[in-house]
Amino acid sequence: MDIQLYNTLSHRAERFEPVTAGVVRMYNCGPTVYDYAHIGNFRAFVFADVLRRFFEFVGYEVQQVMNITDVGHMTEDNVADGGGQDKMELAGQRLKEAKKQGVANVSNPDDPYEVASYFTEAFLADGKALRLKIADEHPQRMPHATAHVTQMIGIIERLIEANHAYVTDDGAVYYDVATFPEYGRLSGNTLDKLHTGAGGRVNEEHTAGKRNPADFLLWKHDASHIMKWDSPWGVGYPGWHIECSAMAMHTLGVDTLDIHTGGEDNIFPHHECEIAQSSGATGKPFANYWMHTRFLLVEGEKMSKSKGNFYTVRDLLARGVDAAVLRYELLRTHYRSNMNFTLKGLEDSQKAVNRMRSFIEGASHGSWGGVYSGQSDVERAFVEAMADDLNISAALGAVFKWINEVDTPASEDVAALQRIDAVLGVLTPAEADTSVAPAGISDEEIEVKVRQIQQARELKDYAKSDAIRDELNDAGVEVQISRDGVNWRRKMRLD
RNA sequence: GGCCGCGUAGCCAAGUGGCCCAAGGCGACGGUUUGCAAAACCGUUAUUCGUGGGUUCGAAUCCCACCGCGGCCUCCA
């Protein structure tokens, strides 16, 4: 099996060759847990999940690790190295408000660990709804940054020893980028090309101790910080990048990973710095393949709270969106293209998923974990497309083309689609979330109306049955009348 | 200013030198079915690939310029 993956490090597709035959060790930059993750975040996580499932489908053992960033970090955009308010602290204040209103179940929002725990649980719930396998592997494969400060300190010590890092008078530890000639290889931002401050986020005052403006923080001595740990350089907190190096190497138990993924915004500085830190400490490559997902746009624009086009997973589920359909929407666009998330697109996805579901109708559901047998044409076409840098659109195209060609699905056809679904994860409808009561008409009221429709139809009073049907339709309930009876389901509420 | 990436039908989206008068999904239109709908199923739906040049026997695919969009240049998936 020849799998091609686009490697940000080399700017081209390369044949995938794991360090250990048959095993893929993969690290995904995971969520920060001082707020709910939004659908843009989840696009990257769904991508990682599809990548993992594809490798499993074609017979690899995948050791996937996704971190949880529960160290706070700072809020102010223009104060890079330790200014502004801590995000975890801010999240605590928001939760405190939410608690007053009775919508957040946190006993002590002043405790950053409780805040982190609250949003971690929310992330896991959303992740499970979207069928991320990694969400079921918490905490073994989802390490917390706050639990790995010892490992971070260990790496920092090695870096100081190797003269890749230095300690300033005020107790900060910086990585000396000039000692790492490879710096800039991933992003193209080599030291000679870096235009310091062009992003408008660097505050000179806070970088005074640096030898080079591009040097980045490994440890900040700051006893007043909300989350702090003891270290050889005083009480304080770790820099932003070091946690991923520490958790990746520690949890996977190797110095060189096969694949490291993240959003395109992570390329610089985050992943560039991770490479410098990790390779600086070990003398070995940190990851052989770097894969980055492009941003998701919403209705053609960058998602932002101020534009009112900001969605979390729970927002959408509360509107009656099937989580499996949301998963489909997030995975249907190639990961290296900007995807344009639209509410119409969600409806399209619902239809597309329905089409697949109706193909296997009657067959038993829920065959997760299928493995590619190489026996059917459609699976070969699917795998071939996916092996070409995860070309999901072409892969889906092959599946639908085949669905169109099969007149009456035989049991082996149903089995083939179910095996493919081990990668897609969309055939089984998400169970209705009973914790969110649907707005408007209740299930009981709907059942009453449905019985009225049935009665009217028995009396051939079509005017009456049609009127009730229209009424339900207006209330957001889709009614399907057939010889077998009357079925209904709630429609997505997308306005 | 520097470094990445993108621009294909009404919408989403494959294809990156001849198999392309361009896959697939949605929508729309026509049909089967239905008391009427819905759902399902069948069919039709880009001689053309942001714009203008160029290279080539041949370009959506390569090169140049321009226009537009997104990301990064120390929060961000």
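Below, read A as the first sequence line, B as the second, and so on, with proteins coming before strands; counting in each chain starts at 1.
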[X] [atom1] - [N] [atom2] separation (whole Å):
{"X": "A:Lys351", "N": "B:A40", "atom1": "NZ", "atom2": "P", "result": "8 Å"}
{"X": "A:Tyr328", "N": "B:A13", "atom1": "OH", "atom2": "P", "result": "12 Å"}
{"X": "A:Phe359", "N": "B:C42", "atom1": "CZ", "atom2": "P", "result": "11 Å"}

Side-chain N or O of [X] closer than 4.0 Å to phosphate OP1/OP2 of [N]:
{"X": "A:Asn404", "N": "B:G25", "value": "yes"}
{"X": "A:Tyr6", "N": "B:G5", "value": "yes"}
{"X": "A:Ser393", "N": "B:A13", "value": "no"}
{"X": "A:Ser337", "N": "B:A14", "value": "yes"}
{"X": "A:Arg355", "N": "B:G25", "value": "yes"}

Is [X] touching bases, backbone alone, or none of the nucleic acid, heavy atoms closer than 4.0 Å?
{"X": "A:Gly345", "value": "nothing"}
{"X": "A:Asp470", "value": "nothing"}
{"X": "A:Asn473", "value": "nothing"}

Range-with-range stems of RNA chain B (Watson-Crick or G-U pairs under 3.5 Å, three or more in a row): B:1-7 with B:67-73, B:10-12 with B:24-26, B:27-32 with B:40-45, B:50-54 with B:62-66
Please work out whether the ring planes of A:Phe310 and A:His38 are parallel, tilted or perpendicular, with thresholds of 30° and 60°. perpendicular
Checking only heavy atoms, does the side chain of A:Asp348 share a donor-acceptor pair with the base of B:G27 at less than 3.5 Å? no
Any salt bridge between [X] and [Y], counting N to O under 4.0 Å?
{"X": "A:Glu137", "Y": "A:Arg52", "result": "yes"}
{"X": "A:Arg357", "Y": "A:Asp322", "result": "yes"}
{"X": "A:Lys87", "Y": "A:Asp35", "result": "no"}
{"X": "A:Asp176", "Y": "A:Lys210", "result": "no"}

With A:Phe180, which residues qualify under ring-ring contact (aromatic ring centres under 6.0 Å, His included), at least two apart?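 None.
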List for me each residue that meets side chain to side chain contact (heavy atoms under 4.5 Å, CB included) alongside A:Lys401, sequence neighbours excluded, and say none if there are none. A:Glu405
Closest of B:G15, B:C75, B:G2 to the A:Asn189 side chain is B:G2
